[in-house]
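None of the values given here were measured: they were computed from a predicted structure. Lettering follows sequence order; numbering is per chain, from 1.
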Number of protein chains: 2
Amino acid sequence: MEISSRSDIAYQALRRAIIEQALAPGTKLREDEIGAHFGISRTLVRAALMRLSQEGLVEIKRKRTATVAIPSLDEAREIFEVRHCLEQQIVQRLTAHWRPEMGETLEAHVNEEEAAAQRGDTASASRLAGEFHIVLARLAGNALLARYLSEVVSRCSLILAVYGRPHVAECATAEHRNVIAALRARDAAASISIMNEHLHAVEARALPRPQEAEDVRISDILARYSTAG
Amino acid sequence: MEISSRSDIAYQALRRAIIEQALAPGTKLREDEIGAHFGISRTLVRAALMRLSQEGLVEIKRKRTATVAIPSLDEAREIFEVRHCLEQQIVQRLTAHWRPEMGETLEAHVNEEEAAAQRGDTASASRLAGEFHIVLARLAGNALLARYLSEVVSRCSLILAVYGRPHVAECATAEHRNVIAALRARDAAASISIMNEHLHAVEARALPRPQEAEDVRISDILARYSTAG
DNA sequence: ATCCTAAATCACGTATACATGAATGGGTCC
DNA sequence: GGACCCATTCATGTATACGTGATTTAGGAT
C-alpha cells in the first residue's frame, strides 16, 4: 500500500535539506521548481510548504515566493526557552520510567553521531545531534511532547545556520554521553541539571552572547569592510 | 487590503465551532459541503482542514472524509501533561515581568466569562474560560509558548466534549480570580501552585478518574442496559 | 550614470476537471 | 429473513487552467 502521498516525500526532503543547512535561510522555494524536481504538481508542493510553514521552517507570505525561514533573535530566544521547558519535562519522565534498554538505544545513537563527526560529515553530524534529543523525547512516551520538541529542535538548526559561527560543528557527543549517564542513575535532579547545562551550551554555540548582539550595528559591520575590503 | 484569505475564514469558523462544541467530535466535515457554505472551492477548504488537522482538532485519513477529532484517553492525558508544563512556564514568566495593567486585562476577561455564564451562554462561557489561559500566554510575551498553549487548550475543549459529564459548565471564574490574585502578589511559587491546582480541577472535570476509566468495560455498560432498558 | 516608468514575464491564488478509491443501495441466493 | 455481491453514487486525490499581483527588464529622461 502506498503509505505516504508524494506530498510527504517533498515535505521530508525539504525538511531534511533545511535542517542539514543544504538550503540556507532565505533561500527561495518556488512551487514550480520543486514540483518539477519531484514530478508532482504545485498542489502537492503547496501542501508540503504549508506544513513546513506551520512548523516555522518556511515563511509564506501572500503572493510571495516561499523562503526558508530566517528566525529573528527574539524568536530564537523564544524557541530556546520553550525547548528548555519541554526537555525538562522529558528528562523528568525518563528518570521516572527508565528502562535499561533505553540506555542501549541512546548509546547506539551517540555512536552514530560520533562516527559521522569522525568521518567529517558535518551535515549528518548536526542532524544526528539534534535527533538525539528527538530520540529522548520519543522514549519519554508522550507523543505530543515529542512532536513539539521535534519542531523546536528543527528550528534550532535554522538558528544555528543564521547566528552560529561558521564551521562550528555541534560536537555534542561528550555532553550527550553525560546525559545518558545521569539518566541511567535515575537521579531526576542531576539529570535535569546536566540537561540544562547541555542546552545552555547548545544555545551558546548557536546565539551570539546577549551583549554582543546588542552591540552589533550595521555601521560597525560596514566599517570592517571599508578599511580592508 | 484583504488581510485574510477566504481559507482563513473557513478555518476560523470551523475552529470556533469545534471549540464551542457546536461540531461534536466525530462529525463528518465534507469538503464540498463546507466549500458551498462559505462560497469557496475545495482547494481552500482543504487548506483549512489540513491546518486544523495539524493542530489536532480534525482527523484526516487518506481518501476518507475528514472528521472532528476524537482524542483517545491516552492522548488526553498527554495533552494535559504538556499543558501543565507550558502553563508553569507561563506563570513563571508572568511573575517575573509583571505589570499592573496585566491585572486589569485579566480582570476584564474574567468579567466577560462571568457575564456569559450568568446569561446562560455556556458555549461562550467555555470558550472564554479557555481563552483566559490564552490571554495569560500572550501576556507572558513568548509567542511560541502562546501558540503551543493555544493549541493545547483548544484540544482540551475536545477532551471535555468527549469525556466530560454533559452540562458541566466550566465555572472556572473563581479559580481564575485566584490565579490573578497570586500573580499580582508576584509570588512565583504560590502562583505556580495555584495554577497547578486549577489545572488539576480542569482535568478532573474533563476526564474520568483514572480508576473509573480502567474499570469501565463494555460488558458493564451492556449490563446496565439489559436490566432496565 | 542614475532614477523613473512601462511592458513583459514570472509566480502565486483559486477554481475546476478528471481519475480513483470508498460508501451505499438493490437484488439475488441460500 | 438475512447475508453476500455488484452497480451506482459519492467524496477525495491530483493536475491543470486562468486570472492577478509581484518582479524584473528595457528604455528614456534628467
For B:Glu203, is there an ion pair with B:Arg77 - N to carboxylate O distance below 4.0 angstrom?
no
Is a salt bridge present between A:Glu78 and A:Arg155, judged by a nitrogen-to-oxygen distance below 4.0 Å?
no
If the condition is ring-ring contact (aromatic ring centres under 6.0 Å, His included), which residues does A:His176 pass it with, not counting sequence neighbours?
A:Phe132, A:His133, A:His198
Could you tell me the separation between the NZ atom of B:Lys61 and the P atom of D:dA11, rounded to a whole number of Å?
18 Å
Spacing of B:Phe38 atom CZ relative to C:dT14 atom P, expressed in whole Å:
15 Å
Quick check for you: among D:dA11, C:dC12, D:dG13, whose closest atom lies nearest to any side-chain atom of B:Glu31?
D:dG13
Show which side-chain atoms of residues 50-60 of chain A pair as donor or acceptor with protein atoms under 3.5 Å away, not counting sequence neighbours.
from, atom 1, to, atom 2, distance (Å)
A:Arg51, NH1, A:Asp8, OD1, 2.9
A:Glu55, OE1, A:Tyr11, OH, 3.0
A:Glu55, OE2, A:Tyr11, OH, 2.6

Nearest listed nucleotide, side chain of A:Ser5, among C:dT14, D:dT14, D:dA11:
D:dT14
Report all side-chain donor-acceptor pairs from residues 31-40 of chain B shorter than 3.5 Å, counting only partners two or more places apart or in another chain.
from, atom 1, to, atom 2, distance (Å)
B:Glu31, OE1, B:Arg42, NE, 2.9
B:Glu31, OE1, B:Arg42, NH2, 3.2
B:Glu31, OE2, B:Arg46, NH1, 2.8
B:Glu33, OE1, B:Arg30, NH1, 2.6

Separation of atom CG in A:Leu29 from atom P in C:dA11, rounded to whole Å:
13 Å
Measure the distance from CE on B:Met50 to P on D:dT12 and round it to the nearest whole Å.
14 Å
Thinking salt bridges, do A:Arg127 and A:Glu131 make one under a 4.0 Å N-O criterion?
yes
Each nucleotide N or O in nucleotides 21-25 of chain C that has a protein N or O under 3.5 Å away: list the pair and distance.
from, atom 1, to, atom 2, distance (Å)
C:dA23, OP1, B:Arg64, NE, 3.4

Mapping B:Ile40 and A:Asp32 to their closest nucleotides on DNA chain C, which lands nearer the 5' end?
A:Asp32
A:His200: ring-ring contact (aromatic ring centres under 6.0 Å, His included) partners, not counting sequence neighbours:
A:His84
Taking CZ from A:Arg30 and P from C:dC10, how many angstroms apart are they, rounded to a whole number?
11 Å
Between C1' of D:dT14 and CD1 of A:Ile9, the distance in whole Å:
14 Å
Separation of B:Arg6 atom CZ from C:dA15 atom C1', in whole Å?
9 Å
Check: protein-nucleotides 16-18 of chain D nitrogen or oxygen pairs below 3.5 Å:
from, atom 1, to, atom 2, distance (Å)
D:dT16, O4, A:Thr43, OG1, 3.4

If I take atom CD1 in residue B:Ile34 and atom P in nucleotide D:dA11, what distance separates them, rounded to the nearest angstrom?
12 Å
Could you tell me if the side chain of B:Cys156 sits less than 4.5 Å from the side chain of B:Val202, heavy atoms only?
no
Under 4.0 Å between a side-chain nitrogen and a carboxylate oxygen: does that hold for B:Arg99 and B:Glu104?
no
